[in-house]
Amino acid sequence: LFVIWRGATFDDARIGALSLKTGEWRILVEGGTGPQYIPSDPDSPGKGYLVYSRSGELLAAPFDAVKLQVTGRPSPIVERAATHLRSGAAQFSVSAAGSMVYIPGGVEASDQTLVWVDRKGAARPLAPLRRIFSNPRLSPDGRRLAVVVLEGASRDLWVYDIAREAMTRLTFGGNNNTSPAWTPDGKRLAFASATAGPQNLFWKPADGSGTEERLSTSGSTQWPTSWSPDSKWLVYEEARPATASDIWVAPRPEGAGTSGPAKALVQTPFFARGAVIAPGGRW
């Protein structure tokens with residue numbers, strides 16, 4: 001049994017089953033996570049129940065493990081079991097005899113706080129905010145912070161003005177806007193967005209004025225990671241089935257629309273991630 005993660009949260013994840021003998025696999029449940037199997041009758045091999053979590057509720061559905069089929073409607077067995085919103089981890093376990101242990105609590109968002117950390121490791125709050133944050137990126141002048149905020153099933157870019165202690169939302173379209181990368185002059189942010197199809201490259205003025213512009217059109221998922229010091233090149237990752245993920249660069253567009261032809265920097269059989277151009281531009 002396995003889970004296919006499809007969005008910002010696990011409410012819309014799918015549960016699948018794979019036969020190790022034949023290699024066949026299929027989707028069992030639309031909307032669920034943490035699947036576990038309980039055999040129901042020792043005299044009927046393969047007959048049992050599929051137990052899983054959906055939005056913090058534990059459900060059990062009749063399941064034929066030989067045919068890889070859910071054979072009946074699911075029934076609720078626990079109303080509120082602890083389930084982590086970001087990882088999909090459902091806090092329960094079942095035994096072969098049908099006993100179950102779980103942690104009550106429902107869906108846990110695990111809000112976070114942004115902090116400064118000095119060179120000695122001491123942390124102090126950066127902002128009196130509690131959200132689900134990821135990908136914090138300081139502007140080149142150190143006065144603003146671009147950060148991804150998860151709200152419900154959507155990820156959006158926000159910009160925090162450190163002196164004014166003000167948060168401004170930057171993206172509104174799609175449900176998966178991530179990986180902000182400041183231009184060296186601090187005027188724009190490149191980012192990845194799944195507004196139309198796979199995550200591709202976009203950019204937008206960092207003050208929120210104007211609309212975002214698409215920088216690439218690809219059937220592969222892409223994430224920006226760095227600009228060259230002269231602002232002429234944008235470094236990004238691109239996922240490819242044959243090579244896991246590669247490092248590419250694309251020229252900065254002169255005006256609106258997509259940038260010019262991109263070129264590969266690193267192509268290997270492995271995952272190449274998080275490429276950043278050094279301040280001097282040589283490395």
Side-chain angles (χ1 to χ4, degrees), residues 1-110 132 134 150-155 174-176 178 194 197-199 219-221 239-245 269-271 273:
L1 297 169
F2 61 96
V3 175
I4 303 172
W5 182 43
R6 302 191 300 167
T9 73
F10 281 80
D11 281 349
D12 62 350
R14 297 187 292 178
I15 294 173
L18 167 72
S19 169
L20 298 181
K21 183 177 181 180
T22 66
E24 175 192 8
W25 70 274
R26 64 182 59 179
I27 301 299
L28 303 178
V29 173
E30 294 282 352
T33 187
Q36 297 190 37
Y37 172 71
I38 306 175
S40 59
D41 186 352
D43 297 327
S44 301
K47 297 296 192 298
Y49 289 92
L50 180 67
V51 181
Y52 60 95
S53 172
R54 178 186 291 158
S55 299
E57 182 179 46
L58 296 185
L59 305 168
F63 179 60
D64 188 323
V66 176
K67 296 181 179 179
L68 298 183
Q69 290 179 348
V70 173
T71 58
R73 296 177 62 85
S75 300
I77 54 176
V78 173
E79 288 187 358
R80 289 177 57 81
T83 304
H84 196 272
L85 180 67
R86 297 182 69 193
S87 69
Q91 304 299 334
F92 76 98
S93 183
V94 295
S95 72
S99 299
M100 181 174 69
V101 61
Y102 71 95
I103 300 175
V107 176
E108 300 171 348
S110 295
I132 303 178
S134 64
L150 174 62
E151 291 184 325
S154 297
R155 281 188 173 95
N175 66 354
N176 203 7
T178 65
Q199 276 188 322
S220 300
T221 301
R240 291 182 181 273
T243 56
S245 66
F270 309 105
F271 283 98
R273 303 296 302 272

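Not one N or O on the side chain of S245 forms a donor-acceptor pair closer than 3.5 Å with the backbone of F271. A donor-acceptor distance shorter than 3.5 angstrom exists from the side chain of S40 to the backbone of K47, with no hydrogens or angles considered. Here the side chain of E57 pairs no donor or acceptor atom with the backbone of P76 at under 3.5 angstrom.
If you take CG on L59 and CD1 on I77, they are separated by 7.5 Å, rounding to the nearest 0.5 Å. The CD1 atom of I103 lies 10.0 Å from the OG1 atom of T83; values are rounded to the nearest 0.5 Å. Separation of atoms CZ (R26) and CG (L18) is listed at 11.5 Å; rounding is to 0.5 Å. Summarising the geometry, atom CG belonging to L58 is positioned 5.5 Å from atom CE belonging to M100; distances are rounded to the nearest 0.5 Å. Distance CD/E24 to NZ/K67: 12.5 Å, rounded to 0.5 Å. Taking CG of L50 as the reference point, atom CD of Q36 lies at 9.5 Å (rounded to 0.5 Å).
I27 and I4 get closest at one heavy-atom pair: CD1-CD1, 3.5 Å. Nearest approach of Y52 to G32, heavy atoms of both residues: CD1-CA, 4.1 Å. Listed here is the closest heavy atom pair of G34 and V3: N-CG2, 3.8 Å. Of all non-hydrogen atoms in A90 and S53, the two that sit nearest each other are CB-CB, 3.6 Å. A pairwise comparison of heavy atoms in V66 and D64 identifies N-OD1, 2.9 Å as the closest pair. Closest non-hydrogen pair, I38 versus S95, comes out as CG2-O, 4.1 Å.
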Derivation and outcome, side chain to side chain contact (heavy atoms under 4.5 Å, CB included), residues F63 and L28: CA-CA 9 Å; F63 179 60; L28 303 178; 3.5 Å; yes

Test log, rule side chain to side chain contact (heavy atoms under 4.5 Å, CB included), inputs R54 and V29: CA-CA 10 Å; R54 178 186 291 158; V29 173; 3.8 Å; yes

Candidate pair S134 and L150, rule side chain to side chain contact (heavy atoms under 4.5 Å, CB included), full reasoning: CA-CA 8 Å; S134 64; L150 174 62; over 6 Å; no

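Looking at V51 and F92, their side chains come closer than 4.5 Å, going by heavy atoms from C-beta outward.
Looking at P39, S75, P62 one by one, the single match for side-chain contact (heavy atoms from CB on, under 4.5 Å) with Y49 turns out to be P62.
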